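What follows is a single structure, written as structure tokens, with notes after it.
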2 protein chains.
Amino acid sequence: MADRRPRGLRDLDELDAVFSALSHNTRRHILQVLHTRKGSMTAGELAACFSHSWPTTTRHLGVLVQAGLITVRPDGRERHYVLNRERLTAALDLWLPSVGLGSYRQPRPDPS
Amino acid sequence: MADRRPRGLRDLDELDAVFSALSHNTRRHILQVLHTRKGSMTAGELAACFSHSWPTTTRHLGVLVQAGLITVRPDGRERHYVLNRERLTAALDLWLPSVGLGSYRQPRPDPS
DNA sequence: GTATTGTTTAGCGAGTTCGCTAAGTGTAGT
DNA sequence: ACTACACTTAGCGAACTCGCTAAACAATAC
């Protein structure tokens with residue numbers, strides 16, 4: 001069933017999901033690692049990069065997926081997590097102008 | 001006494017402070033309101049914009065100040081809070097490149 | 001089938017966050 | 001001095017977060 005909330009509200013929720021996801025250092029780090037590895041890694045490879053237990057990493061991945069910052073592609077018994085930069089730029093483009101900063105793609109120098 | 005940690009570590013802490021501060025909807029909203037009001041407002045004006053109790057808003061302001069996203073200028077018995085956009089752009093410039101997105105001021109189109 | 005490998009789910013405990021109300025601090029006005 | 005105003009600090013409770021371990025699941029290998 002479709003989401004029946006008006007567009008604006010959904011945006012706010014999605015913005016909240018993105019910023020909340022980015023608020024934890026480990027999750028930001030996951031995105032970085034994903035980037036250096038060409039944007040796609042299995043859960044195991046990712047988990048091996050961190051000192052946390054594997055389930056802990058799994059949960060962080062879940063938060064990132066729900067925020068739309070990564071997507072998951074199952075392949076046999078592996079799961080490949082893929083970086084979704086567009087989601088990040090979309091969130092920035094949506095929010096930055098509201099604090100006077102121009103969208104990510106079209107920044108204006110702040111009039112200090 | 002000065003902070004004796006090496007520059008890189010301090011950056012990471014500051015980045016964490018900024019992203020943590022931005023993770024709460026109310027705090028993002030405070031920055032927006034501050035922007036629409038020319039970047040400077042008293043605590044009372046700010047508090048009046050939200051349905052929360054004044055002390056709750058005060059605490060949010062404290063988080064934003066500590067993250068460096070706003071600064072405070074006492075004036076008589078008022079306190080003027082001032083938007084600090086530079087801090088935000090600095091955080092973006094520091095972090096975005098690490099996930100393949102070009103700094104805020106010099107974005108490259110993501111190579112989708 | 002059974003075992004093994006890759007990964008998630010369940011559930012717990014410590015710590016943090018975020019709302020509140022009540023009390024405190026400091027400046028200005030009379 | 002005393003009152004009023006602007007604002008913060010203290011402290012509480014409910015909810016959430018984040019780490020863990022143990023158990024479950026799902027796909028491949030034997």
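Computed over heavy atoms, backbone and side chain alike; hydrogens, waters and symmetry mates excluded. The sequence lines fix the lettering, A, B, ..., with proteins before strands; numbering per chain opens at 1. Please read all numbers here as calculations on a predicted model, not as lab measurements.
- Considering only side-chain N and O atoms, Thr56(A) lies nowhere under 4.0 angstrom from the phosphate OP1 or OP2 of dC18(D).
- The side chain of Arg59(B) lies closest to dC18(C) when the candidates are dG19(D), dC18(C), dA4(D).
- For the pair Tyr81(B) and dT8(D), the criterion of a side-chain N or O lying under 4.0 Å from OP1 or OP2 is met.
- Residue Ile70(A) contributes atom CD1, which lies 13 Å from atom P of dT7(C) at whole-angstrom precision.
- For His24(B) and Phe19(A), the distance between ring centers is not under 6.0 angstrom.
- Side-chain atoms of Arg85(B) come within 3.5 Å of backbone atoms of Val99(A) as a donor-acceptor pair (strictly under, hydrogens ignored).
- With rounding to whole Å, Leu61(A) atom CG is found 16 Å from dG6(C) atom P.
- In this structure, Thr58(A) does not reach the dT7(C) phosphate: none of its side-chain N or O atoms is under 4.0 Å from OP1 or OP2.
- The local environment of CZ in Arg5(B) is crowded, with over 12 non-hydrogen atoms from other residues, nucleotides or ligands closer than 6.0 Å.
- Both Asp75(A) and His52(A) lie near DNA chain D, and the one whose nearest nucleotide falls closer to the 5' end is His52(A).
- Looking at Arg105(A) and Thr89(A), their side chains do bring a donor and an acceptor atom within 3.5 Å of each other.
- What separates CD1 of Ile30(B) from C1' of dC18(C) is a distance of 13 Å, to the nearest Å.
- The separation between Phe50(A) atom CZ and dC20(D) atom P is 13 Å, rounded to whole Å.
- For the pair Glu78(B) CD and dA6(D) P, the interatomic distance rounds to 7 Å; values are reported in whole Å.
- OP1 or OP2 of dG19(D) lies within a sub-4.0 Å distance of a side-chain N or O belonging to His60(A).
- Across dT21(D), dT7(C), dC18(D), the shortest atom-to-atom separation from the side chain of Arg79(A) is found for dT7(C).
- Distances shown here put a side-chain N or O of Trp54(A) below 4.0 Å from the OP1 or OP2 atom of dT8(C).
- Arg73(A) has its CZ atom 12 Å from the P atom of dT7(C), to the nearest Å.
- Distance Asp16(B) CG to dT16(C) C1': 13 Å, rounded to the nearest Å.
- Evaluation of atom-type donor-acceptor distances gives a pair under 3.5 Å for the side chain of Arg77(A) against the base of dT5(C).
- Taking atom CZ on Arg28(A) and atom C1' on dC18(D), their separation rounds to 15 Å, with Å as the unit.
- Note on His24(A): every side-chain N or O is 4.0 Å or more away from OP1 and OP2 of dT16(C).
- Across all non-hydrogen atoms, the minimal contact from Met41(A) to Cys49(A) is CE-SG, 4.0 Å.
- At the phosphate of dC18(D), OP1 or OP2 sits under 4.0 Å from a side-chain N or O atom of Arg27(A).
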